[in-house]
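So you know, we letter chains A, B, ... as the sequences are listed, proteins then strands, and number each from 1.
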Number of protein chains: 2
Amino acid sequence: MSGKKLKAVEHPPVSARRQHKADAKAAATHPPSRQRPLTRIQKEKQDIILEAALDVFSMHGFRGSTIDQIAEVAGMSKPNLLYYFPRKEEIHRRLIAALLDTWLAPLRDFDENGDPFTEIRSYIRRKLEMARDFPRESRLFANEMLQGAPRITEMIEIDLKALVDEKAKILLTWMDQGRLARTDPYHLIFSIWATTQHYADFDVQVRAVLGKGRNGEGRFEDAARYLEQLFMHGLSPKPRVNGSA
Amino acid sequence: MSGKKLKAVEHPPVSARRQHKADAKAAATHPPSRQRPLTRIQKEKQDIILEAALDVFSMHGFRGSTIDQIAEVAGMSKPNLLYYFPRKEEIHRRLIAALLDTWLAPLRDFDENGDPFTEIRSYIRRKLEMARDFPRESRLFANEMLQGAPRITEMIEIDLKALVDEKAKILLTWMDQGRLARTDPYHLIFSIWATTQHYADFDVQVRAVLGKGRNGEGRFEDAARYLEQLFMHGLSPKPRVNGSA
DNA sequence: GGAAATTTTGACCAGTTGGAAAAATGTTAG
DNA sequence: CTAACATTTTTCCAACTGGTCAAAATTTCC
């Protein structure tokens, strides 16, 4: 329901402060990390752990989550879990790395040769699908943002920024060609992120407000319809529309 | 740059489960809680603590925050802090209660006798101002939502829902009168929440993407302009606009 | 000034948390 | 079967956590 292997992007020189004694002997018998090709069984266990960790981290954030909790959800003992991931941070890093990749995929697919409205519409749709199908990933990301993104600043300041810059340029071109209302392309992108991820991150609120009646999967359909209308109307290249007050 | 006292709204009958032993003697010498009119000095100290707690809770969530952290930010010892607030949960509850009240004020002011676009525009503006002036409150709220709103379910399921229902009805009336594009009023409200709070909750991301150049307070001006355009255009009562793909 | 009340501090505690060590239990290839 | 390896469990620990308590320092009020 959520797995999907994503290539992990290492942050080479992070080097956090060490306060615990453990440091030297890393190639001991315990972790199966050293060079080995990583058997299929190991991969499976790691996936189980990552699954469980996603559950926990996405709800409580990094500091609010405990290894014990994750181990319990994963159905194994804490030391056993630590056999696969030498430390808590490592699990979290793996999740974040995997997340960033999938999370940006829809934006990467934004095609400058396509029709502006088709592109925007399908971008919205894909982001909304992700909010529906991977809410935990969305919340993990949101948690990270709320905490000031301590572990991924470089990622968002470099990779993400570059990607958005690129797509903003495309939007600007479309605006110049009169195929799209002239506005700030960055805030346009922000607004798509915000409106779609809202359905994952604030799910409880959305459900509560919509009431027991209307909160099956249908709410995503409604959201899609509404957002489509809002953005299609809102961004159509027309001078002015309403001028009251 | 952020202070501004907010009137606190008490939740009378929350009654959470007790698991710690402390329970009986509450009128002991320690806490200045019993009946006393609460001196001005006490209020000041409590405010200092709440300020500090807002800093910490809004970044790390409830579980991820420690009393020691809060005490340090507040510039006092942990036992001293605990003298004013007998337990961690109490501080958090106070913050949340205060928050909810201010947070919903703009929506309460939504006036059915006003002009639809004027009302929506000023609602957006006010929400954006709150995201700018009270980002920590916004993040505290977001953190609570991400965790499934365990401490405020009743609040959002009852009070919030009722308020939104009421305002949705107003929006529907306007739509019936042809003064507003016909759409789902609930999702319309969600989209305003999402787009405005985004600037508080995902502040790091917004700053990073906009780059060092354009991230002074100006970004809120730009956001306001963009959102105004999006919503004013997007919700104007016109049949169809673009029909490609 | 001094007794009473308030506020602050220092020492302490039981439970939790991240993690280490090593022994115990599989598993597998020769 | 058994040596080499992989996995799991048991035991343990030091630091941190929320919170208590009594004594000390300070303020308040007569």
Can you identify which nucleotide, out of C:dT8, D:dG19, C:dA20, has its nearest atom closest to the A:Arg87 side chain? C:dA20
Of the listed nucleotides (D:dC21, C:dT8, D:dT9), which one gets closest to any side-chain atom of B:Pro79? D:dC21
Please state how far atom [atom1] in [X] lies from atom [atom2] in [N], giving the value in whole angstrom units.
| X | N | atom1 | atom2 | answer |
| --- | --- | --- | --- | --- |
| B:Tyr84 | D:dG19 | OH | P | 18 Å |
| B:Met76 | C:dT7 | CE | C1' | 11 Å |
| A:Lys88 | C:dT16 | NZ | P | 16 Å |
| B:Gln42 | D:dT26 | CD | P | 19 Å |
| B:Phe85 | D:dG18 | CZ | P | 16 Å |
| B:Gln46 | C:dT7 | CD | P | 10 Å |
| A:Tyr83 | D:dA6 | OH | P | 7 Å |
| A:Asn80 | C:dG18 | CG | C1' | 16 Å |

Any heavy-atom pair between the side chains of A:Ser138 and A:Trp103 that's under 4.5 Å? yes
So with a 6.0 Å cut-off around [atom1] of [X], is the heavy-atom count from everything else above 12?
| X | atom1 | result |
| --- | --- | --- |
| A:Glu157 | CD | yes |
| B:Arg214 | CZ | no |
| A:Gln69 | CD | yes |

Does a side-chain N-to-carboxylate-O contact under 4.0 Å join A:Arg219 and A:Asp203? yes
Side-chain ion pair, A:Arg136 and A:Glu51, N-O less than 4.0 Å: yes
Using both pair distances under 3.5 Å as the test, note the stems of at least 3 consecutive Watson-Crick or G-U pairs that include DNA chain D. C:1-30 with D:1-30
D:dT8 phosphate, OP1 or OP2: any side-chain N/O from A:Ser77 under 4.0 angstrom? no
For C:dT6, take OP1 and OP2 only and decide whether either is under 4.0 Å from a side-chain N or O of B:Lys45. no
Touch class at under 4.0 angstrom, heavy-atom based, for B:Lys78 against every strand present: base
Looking at A:Phe85, is A:Arg94 sitting on its ring face, NZ or CZ under 6.0 Å from the six-membered ring centre and within 45 degrees of the normal? no
Which of residues 61-73 of chain A sit near DNA chain D, with a heavy atom under 4.0 Å from it? A:Arg63
Which of B:Arg93, B:Lys88, B:Arg87 passes salt bridge (charged side-chain N to carboxylate O under 4.0 Å, His left out) with B:Glu90? It is B:Arg93
Quick one: pull up CG in A:Leu160 and CG in A:Leu100 and give me the separation to the nearest 0.5 Å. 8.5 Å
